[in-house]
Number of protein chains: 2
Amino acid sequence: MGNRTTLSDEVYEAVKALIMDHAIAPGARVTIDAVSRQLDVSPTPVREALARLESDGLVVKRPMAGYTTTPLLTPGEFEQLFEVRLLLECAAAARAATQETSGVDFPRLPRPVADRGYAGHAAFTAADAAFHDAVAVAGGNPLLRDAITRLHAHLHVHRISFPGAGTTEAEHAAIVAAIRSGDPSGADSAMRAHLEAARDRHRLRT
Amino acid sequence: MGNRTTLSDEVYEAVKALIMDHAIAPGARVTIDAVSRQLDVSPTPVREALARLESDGLVVKRPMAGYTTTPLLTPGEFEQLFEVRLLLECAAAARAATQETSGVDFPRLPRPVADRGYAGHAAFTAADAAFHDAVAVAGGNPLLRDAITRLHAHLHVHRISFPGAGTTEAEHAAIVAAIRSGDPSGADSAMRAHLEAARDRHRLRT
DNA sequence: TGGAGCAGAATCCTATAGGATTCTGCGGCG
DNA sequence: CGCCGCAGAATCCTATAGGATTCTGCTCCA
């Protein structure tokens with residue numbers, strides 16, 4: 001079949017989802033055989049997927065002793081993550097305001113209706129990640145976007161604290177408005193305000 | 001034997017060196033079998049190493065069609081890279097000036113002797129990378145340091161243009177002086193001046 | 001009681017084999 | 001002359017097997 005996706009890629013996504021869903025506890029061992037049995041594939045693609053996840057910083061390898069998931073972000077690392085996000089994402093938003101973005105679609109968030117359980121939270125996280133990625137792309141600097149992507153900010157934040165809806169959508173709208181009106185410093189400020197508010201929202205729960 | 005390094009890691013470093021040395025041309029195909037024969041290992045660890053290199057952005061995978069090295073940076077991407085470096089490394093230098101760094105060793109560059117051979121250039125690149133990494137570490141934000149590392153800036157620059165010694169050592173000394181005297185804005189400026197000068201030096205040769 | 005030592009089991013690491021897919025060169029046709 | 005289709009070869013992807021290393025639990029001794 002003209003399947004354009006390889007088994008290694010599917011395993012990669014599956015294991016990433018397992019980590020995100022807390023199906024694998026933070027700091028727990030990830031045995032290759034266990035994953036291969038659970039997903040009913042051979043160890044080879046699992047090994048390949050774990051190698052990539054290690055580069056992503058989601059698991060760590062100890063030679064001859066297997067992989068373990070990275071522990072949750074400490075409060076200090078949480079602050080460090082947002083410090084880097086402020087650096088990169090504010091710059092991307094400011095750049096986006098100088099670009100032609102009339103045809104760009106900035107995804108909206110799902111309505112923060114009453115708790116839909118885990119699935120709802122996961123969908124919210126995914127939509128928020130999509131919005132931030134859209135801003136990064138609109139910045140027009142692919143290397144900057146890659147640097148933002150490799151932070152895996154949403155994944156790490158999701159692991160420690162399921163996002164609260166709050167006023168996120170309004171903050172997003174303010175960012176989009178500043179970008180579309182061609183106001184770089186306004187976009188920078190709006191993104192900064194949004195990230196600092198999000199940081200405070202999540203910080204409350206730790 | 002208590003060998004603390006696994007074959008996959010050695011292959012990873014070996015292939016990275018091959019790319020850096022232009023032993024594998026930019027944009028050329030990297031066949032798993034060829035690498036495994038050349039290094040005299042089985043394809044499995046090669047596959048694992050290439051998966052990691054793909055996460056690093058040094059090779060790209062096309063499903064069912066193998067890996068190819070990433071092409072050289074275009075002039076546009078070169079500018080984008082330095083834009084991100086300015087964002088991250090200036091912030092790291094400024095942070096370093098607020099930290100206790102009396103015991104930190106900032107590596108010096110090798111004397112820019114008339115050695116025009118490849119080994120000399122490679123040593124210069126390695127020493128320059130070590131200096132910039134030391135500044136990133138001194139910044140005290142491990143996540144910021146990781147973001148800088150993942151840019152693989154020195155590797156990409158080395159591929160397109162062997163570094164010219166120039167006045168690099170003097171610029172480095174200015175950065176160290178600002179950091180040690182606890183002057184964040186001075187460190188930021190010094191790093192900015194250094195990166196912009198380096199950018200211009202390399203830009204001349206493209 | 002607490003720590004060192006050892007045997008068994010589990011796991012990892014590497015090598016090899018077989019089916020599926022893609023790439024390449026050549027001939028035929030418009 | 002240029003484009004399409006096809007067969008052979010090369011390559012990739014996955015599965016399985018065997019040797020090497022680490023982890024675990026128990027026993028023994030100070």
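Per chain, numbering begins at 1; letters A, B, ... match sequence-line order.
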Checklist outcome for this item: ring pair (Phe, Tyr, Trp, His ring centres under 6.0 Å) pairs touching residues 81-102 of chain A, sequence neighbours excluded, are A:Phe78-A:Phe82
Checklist entry - For the atom pair CD1 (B:Ile179) and CE (B:Met191), what is the distance rounded to the nearest 0.5 Å? => result 6.5 Å
Item to check | Atom pair distance, as rounded to whole Å: CD in A:Glu48 and P in D:dA15 | outcome: 12 Å
Checklist entry - With respect to the phosphate group of D:dA15, does any side-chain polar atom (N or O) of A:Ser42 fall under 4.0 Å of OP1 or OP2? => result yes
Item to check | Distance in angstrom units between A:Tyr12 OH and D:dC13 P, rounded | outcome: 17 Å
Checklist entry - Going through the distances and angles, do B:Asp188 and B:Arg192 end up as a salt bridge (charged side-chain N to carboxylate O under 4.0 Å, His left out)? => result CA-CA 6 Å; B:Asp188 186 302; B:Arg192 180 173 309 276; 3.4 Å; yes
Item to check | D:dC13 OP1/OP2 closer than 4.0 Å to side-chain N/O of A:Thr44 | outcome: no
Checklist entry - Is B:Arg47 near enough to D:dC12 that one of its side-chain N or O atoms lies under 4.0 angstrom from OP1 or OP2? => result no
Checklist entry - For the pair made of CG in A:Asp40 and P in D:dT14, what is the distance, rounded to whole Å? => result 13 Å
Checklist entry - Nearest-Å distance, CE (B:Met64) to P (D:dC12)? => result 12 Å
Checklist outcome for this item: Rounding to 0.5 Å, atoms CZ (B:Arg85) and CD (B:Glu89) come to a distance of 4.5 Å
Checklist entry - How long is the line joining CZ of A:Arg62 and P of C:dC13, in whole Å? => result 11 Å
Checklist outcome for this item: Against the side chain of A:Pro43, the closest entry in C:dT14, D:dT16, D:dT22 is D:dT16
Next on the checklist: For B:Asp9 and A:Lys61: C-alpha separation, side-chain torsions, deciding distance, then whether salt bridge (charged side-chain N to carboxylate O under 4.0 Å, His left out) applies.
Outcome noted: CA-CA 11 Å; B:Asp9 297 333; A:Lys61 180 175 88 158; 3.4 Å; yes
Checklist entry - Think A:Ser8 has a side-chain N or O under 4.0 angstrom from the OP1 or OP2 of D:dC12? => result no
Item to check | Approximate separation, where rounding is to 0.5 Å, of B:Leu151 CG and A:Arg150 CZ | outcome: 6.5 Å
Next on the checklist: So does A:Gly27 get a backbone contact from the side chain of A:Thr69, meaning a donor-acceptor N/O pair under 3.5 Å?
Outcome noted: yes
Checklist entry - Over how many whole Å does the gap from A:Leu39 atom CG to D:dT14 atom C1' extend? => result 14 Å
Checklist entry - Does any residue of residues 29-37 of chain B have a heavy atom under 4.0 Å from DNA chain D, and if so, which ones, in number order? => result B:Val30, B:Thr31, B:Ile32, B:Asp33
